Number of protein chains: 2
Amino acid sequence: MSLPYAILTALLEKPSSGLELTRRFDKSIGYFWSATHQQIYRELGKLEESGAIRALPGPRQPTRGQKKEYEVLPAGRDELAAWVARIEDPKPIRDALLLRLRAAGVVGTEGLEAEVRRHLALHRAQLAEYRAIEERDFGEGGKSEVDRLRHLVLRAGIDLERFWIGWLETARAELADLGAGAAADARTGPAATA
Amino acid sequence: MSLPYAILTALLEKPSSGLELTRRFDKSIGYFWSATHQQIYRELGKLEESGAIRALPGPRQPTRGQKKEYEVLPAGRDELAAWVARIEDPKPIRDALLLRLRAAGVVGTEGLEAEVRRHLALHRAQLAEYRAIEERDFGEGGKSEVDRLRHLVLRAGIDLERFWIGWLETARAELADLGAGAAADARTGPAATA
DNA sequence: GCGCCTTGTGCAACAAGTTGCATAAAGAAT
DNA sequence: ATTCTTTATGCAACTTGTTGCACAAGGCGC
């Protein structure tokens, strides 16, 4: 659905080979749309076939194991522009940890608090990483249109991490609170607390 | 990955048939882990085969088009309890709208503001729905362990919607601000603003 | 020259999720 | 009685995403 457009965007920002794209996905676009090199190569093939991109004519092209750079053609740019304005509903959340909290209601919370703490640490680390990028890339003023939009996206990432950190702290407190007394009856069944 | 556990949780809360599960997914568990009836039937088959659940012996079982209720067996309950404490990293965000904002940086923001406004309305509606559920199910005190955990999960949903609403408002303002002057050169290329 | 590591491209098989449709039973409508 | 709708289960085909591996070229050590 969205991967081809992510690739088109990356290629418009800078023509690249498959592996270069993979690396760039690992640090910037991949923060909100990750992809493995496999997906990227497959999609590059499709995009080339459909005429949205083309391989730059380099020294020698046809062999395997040789770098192959792509650039976006006008048709690809048009498709991307159309996608930007397309009507497409937001996808509902899909989060396994929330599911696990819910499951803990019926089978007990044993071991969950440690996992919540671990996630908390991971989200704090991610927040720190985002903040470092913000500092580095959007420190001073004088922002172009591209910069302002990129910063906006980054701020979504930052605020999302902040949300998770806040919520996980609440969750940890709640689990600790349930902990002591409830640990015993959680093992046999949760209904006893009522 | 998580779907079988979502189903086990739902079945422990109340033994059900495939279609009943589908309906329940549409209103409660599905808020953070959605599934179609197809996925659910397939997964029920696998879970039954692996001995995690079994069909309740009803009037007549074997025919098609006949309701078939399932309940969780001890093995299934144990698997679920193990999953609750399992180490599993949070998945990175995957959001098409953020991607579209980023794409707008290179192909122009035309048509995006309307889409942002539409999403804003959808998230406000979702928030209202969650708040109504909160009012209905967790209005007064006297909460059991299950209730407290369920409420915690619901609050994650509520705060996530609040996050999106806040961010989308910022985005809309930013797009409106870029709008007037930038609309012209966005069509030809974004670099002109620098 | 020969092994070895890195860079680079790609196939194949699988897992998860989506879409469209077929089938069957039971009850309501006429 | 027969048609229509609702409830219910399920197959088949497809798309997306993941994992493991194969293969090719070039640079480096010795």
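Because the structure is a prediction, the values reported are computed rather than measured. Lettering of chains follows the sequences in order, A, B, ..., and the numbering in each one begins at 1.
With distances taken from any side-chain atom of A/T36 to the nucleotides D/dT19, C/dG17, C/dT18, the minimum falls on D/dT19. Among the nucleotides C/dG8, D/dT9, C/dG17, the one closest to the side chain of B/W33 is C/dG17.
Within the structure, every side-chain polar atom (N or O) of B/K68 is placed at least 4.0 Å from both OP1 and OP2 of D/dT9. For the OP1/OP2 pair of D/dA8 and a distance below 4.0 Å, the side-chain nitrogens and oxygens of B/R23 include at least one atom meeting the criterion. Put simply, B/Y41 has no side-chain N or O that comes within less than 4.0 Å of OP1 or OP2 on D/dG10. B/R94 has a side-chain polar atom (N or O) that falls below the 4.0 Å cut-off from OP1 or OP2 of D/dG17. The shortest distance between the side-chain N/O atoms of A/Q39 and the OP1/OP2 oxygens of D/dT16 is not below 4.0 Å.
Inspection of the B/R24 and B/S16 side chains reveals an N or O donor paired with an N or O acceptor under 3.5 Å.
B/L122 and B/W164 are assigned to two separate hydrophobic clusters, defined by single-linkage of ILVMFWY side chains at heavy-atom distances under 4.5 Å.
To the nearest angstrom, C1' of C/dG17 lies 16 Å from CG of A/L3. Summarising the geometry, the separation between NZ on A/K46 and P on D/dC14 is reported as 13 Å, rounded to the nearest angstrom. The distance from atom NZ of B/K67 to atom C1' of D/dG10 is 17 Å, rounded to the nearest whole Å. Between the C1' atom of D/dT7 and the CZ atom of B/R24 lies a distance of 18 Å, rounded to the nearest Å. Going from atom CG of B/L56 over to atom P of D/dT9 covers 12 Å, rounded to whole Å. Straight-line distance from the CD atom of A/E43 to the P atom of D/dT15: 11 Å, rounded to whole Å. Following rounding to the nearest Å, B/Y5 (OH) and C/dA15 (C1') show an atom-to-atom distance of 14 Å. Distance B/L44 CG to D/dG10 P: 8 Å, rounded to the nearest Å.
Here B/L21 contributes atom CG and B/I29 contributes atom CD1; the two are 8.5 Å apart, rounded to the nearest 0.5 Å. Taking CG of A/L44 as the reference point, atom CG of A/L8 lies at 9.5 Å (rounded to 0.5 Å). Separation of atoms CZ (A/R148) and CG (B/L101) is listed at 12.5 Å; rounding is to 0.5 Å.
Taking only distance into account, the side chain of A/H37 never meets the base of C/dG8 through a donor-acceptor pair shorter than 3.5 Å. Counting distance only, with no hydrogens placed and no angle test, the side-chain atoms of A/R42 and the base atoms of D/dT18 include a donor-acceptor pair under 3.5 Å.
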